*Asks:* 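Mind having a look at this structure? Questions to follow.
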Amino acid sequence: MKAPPSPDPETAGSRARGGRSSRPVRRPRGGGLARLGPLPWIAPVLLLILAVVVYPIVELVRTSFLNISIAGIIRGSAGTDKYRKLFDETDFGHVLVWTVLWTVVVVAVTMLLSLGLAQLFNQRFPGRRITRWALIAPWAASVLMTATGFKWMLNQTAGVLNTVLLDLGLIDKSRDWLGSPGTAWPWMMFVAVFVSLPFTTYTLLAGLQTVPKDVYEAARIDGASGWQTYRGITLPLLRPAFLVGVVINLINVFNSFPVIWAMTQGGPGSDTATTTVFMYKLKETDIAESAAMSVVNFAMVVVLVLIFLKVSRWNEED
């Protein structure tokens with residue numbers, strides 16, 4: 001009689017694996033630290049966010065419900081009195097309207113001009129490198145310094161603008177360009193657009209340079225015109241960069257303080273003040289009311305950004 005065949009090692013191994021494995025399960029080394037996953041690595045960032053973002057917001061909201069003297073002494077709770085006092089301010093409604101108008105106009109003009117400049121700088125032409133470098137200048141310089149320079153340029157007595165216009169015979173006498181809201185607002189908007197162009201242009205230029213050349217070649221072969229190519233290919237593929245530019249500009253322009261404060265300090269009165277400047281002026285008389293204005297300002301920024309993201313359908317693909 002033949003001896004029974006010895007079991008095949010591979011067959012035996014597969015049978016053993018088919019049932020419960022007799023080998024001990026290896027557990028990851030590291031004990032409790034390994035079970036925390038990535039938390040030890042992101043903990044410093046979370047602590048930093050709590051320290052510089054969350055805590056100031058909580059403290060700001062808490063301050064808006066306190067009764068604080070000019071010297072900074074807390075005299076108990078004020079409830080919602082500071083918010084009622086803020087809403088009863090004569091200039092409050094005017095400031096809100098001009099803040100929204102200021103933000104919409106500056107962001108819209110900035111995005112349109114940046115779109116054209118980005119399209120221009122995406123082409124090859126003599127001196128392109130120099131013009132690209134020149135565009136960085138308004139961004140590299142201090143915003144406060146730029147606004148101060150324009151303020152002196154518009155000065156009624158020694159401003160270069162009045163001097164040039166008088167020499168050309170375009171005006172009969174020097175004008176106080178920043179002395180009235182009718183002329184101050186356009187100039188402040190011009191300066192705000194001027195300092196916002198570099199970042200926005202380079203953001204859109206980076207988006208344009210990611211568009212594959214093959215797509216344009218295919219459109220040209222299909223007989224698409226320049227406008228059809230731009231509308232059907234360039235703009236849809238530029239949408240992510242465009243959304244980034246709009247959101248960042250919304251936040252920056254809404255909270256723009258140096259331009260307005262350096263040029264007019266929100267005056268005369270509060271005729272050229274936005275919510276940020278108005279908040280800063282309120283601290284001279286009531287710190288808690290200024291904190292309440294800060295809370296309202298923060299809420300308005302969030303609402304504006306959410307409205308834009310909702311209208312633009314940022315999380316949907318074309």
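Reckoned from all heavy atoms, side chains included, excluding hydrogens, waters and symmetry mates. Starting from 1, each residue takes its place in the sequence as its number. It should be emphasised that the depicted structure is a prediction, and the values quoted were computed from it without experimental measurement.
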*Asks:* Minimum heavy-atom separation for Leu154 to Asn162, with atom names?
*Replies:*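 So the minimum-distance heavy-atom pair works out to O-ND2, 4.3 Å.
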
*Asks:* Heavy atoms only: give me the nearest Asp176-Thr183 pair and the separation to one decimal.
*Replies:*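 Looking at all heavy atoms of both residues, the shortest contact is O-OG1, 4.0 Å.
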
*Asks:* Between Ser225 and Tyr230, does any side-chain donor sit less than 3.5 Å from a side-chain acceptor?
*Replies:*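 Absent: no donor and acceptor within the cut-off.
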
*Asks:* Just checking, is any N or O donor in the side chain of Thr203 or Thr200 under 3.5 Å from an acceptor N or O on the other one?
*Replies:*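 Not at all, the side chains of Thr203 and Thr200 share no donor-acceptor pair under 3.5 Å.
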
*Asks:* Trp98 vs Trp185 aromatic rings, parallel, tilted or perpendicular, using cut-offs 30° and 60°?
*Replies:*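 Judged by the thresholds at 30° and 60°, the geometry between Trp98 and Trp185 is parallel.
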
*Asks:* Considering all heavy atoms of both residues, which atom of Ala147 and which atom of Pro258 are nearest to each other, and what is their separation?
*Replies:*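 Looks like CB-O, 4.1 Å.
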
*Asks:* Inspect the surroundings of CZ in Arg132 and state if more than 12 heavy atoms from other residues, nucleotides or ligands are less than 6.0 Å away.
*Replies:*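 Yes, because the 6.0 Å sphere around CZ of Arg132 holds more than 12 heavy atoms from other groups.
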
*Asks:* With Lys283, which residues qualify under salt bridge (charged side-chain N to carboxylate O under 4.0 Å, His left out), at least two apart?
*Replies:*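 Listed in chain order: nothing, the list is empty.
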
*Asks:* Indicate whether any N or O donor in one side chain lies under 3.5 Å from an N or O acceptor in the other, for Asn255 and Asn297.
*Replies:*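 Per modelled atom types, Asn255 and Asn297 side chains form a pair under 3.5 Å.
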
*Asks:* Which word best sums up how the rings of Trp261 and Phe257 line up, parallel for under 30°, tilted for 30 to 60°, or perpendicular for over 60°?
*Replies:*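 It falls in the parallel class, under 30°.
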
*Asks:* Once you round to the nearest 0.5 Å, how far does CD of Gln156 lie from NZ of Lys173?
*Replies:*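 Nearest 0.5 Å value for the CD-NZ distance: 8.5 Å.
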
*Asks:* Could you label the plane-to-plane angle of the Phe194 and Phe150 rings as parallel, tilted or perpendicular, counting under 30° as parallel and over 60° as perpendicular?
*Replies:*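 It falls in the perpendicular class, over 60°.
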
*Asks:* Find the distance between CG (Asp91) and CG (Asp271) and round it off to the nearest 0.5 Å.
*Replies:*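 Reported value, rounded in 0.5 Å steps: 7.0 Å.
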
*Asks:* Is the Trp177 ring parallel, tilted or perpendicular to the Trp187 ring (thresholds 30°, 60°)?
*Replies:*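 Rings of Trp177 and Trp187: perpendicular, as their planes differ by over 60°.
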
*Asks:* Hey, is Lys85 close enough to Glu289 for a salt bridge, meaning N to O under 4.0 Å?
*Replies:*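 Yes, Lys85 and Glu289 are salt-bridged.
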
*Asks:* For Ile233 and Pro236, which heavy atoms make the closest approach, and how far apart are they?
*Replies:*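 Smallest heavy-atom distance, with atoms named: O-CD, 3.4 Å.
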
*Asks:* For residues Thr229 and Tyr216, is any side-chain donor paired with an opposing acceptor at under 3.5 Å?
*Replies:*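 No donor-acceptor contact under 3.5 Å links the two side chains.
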
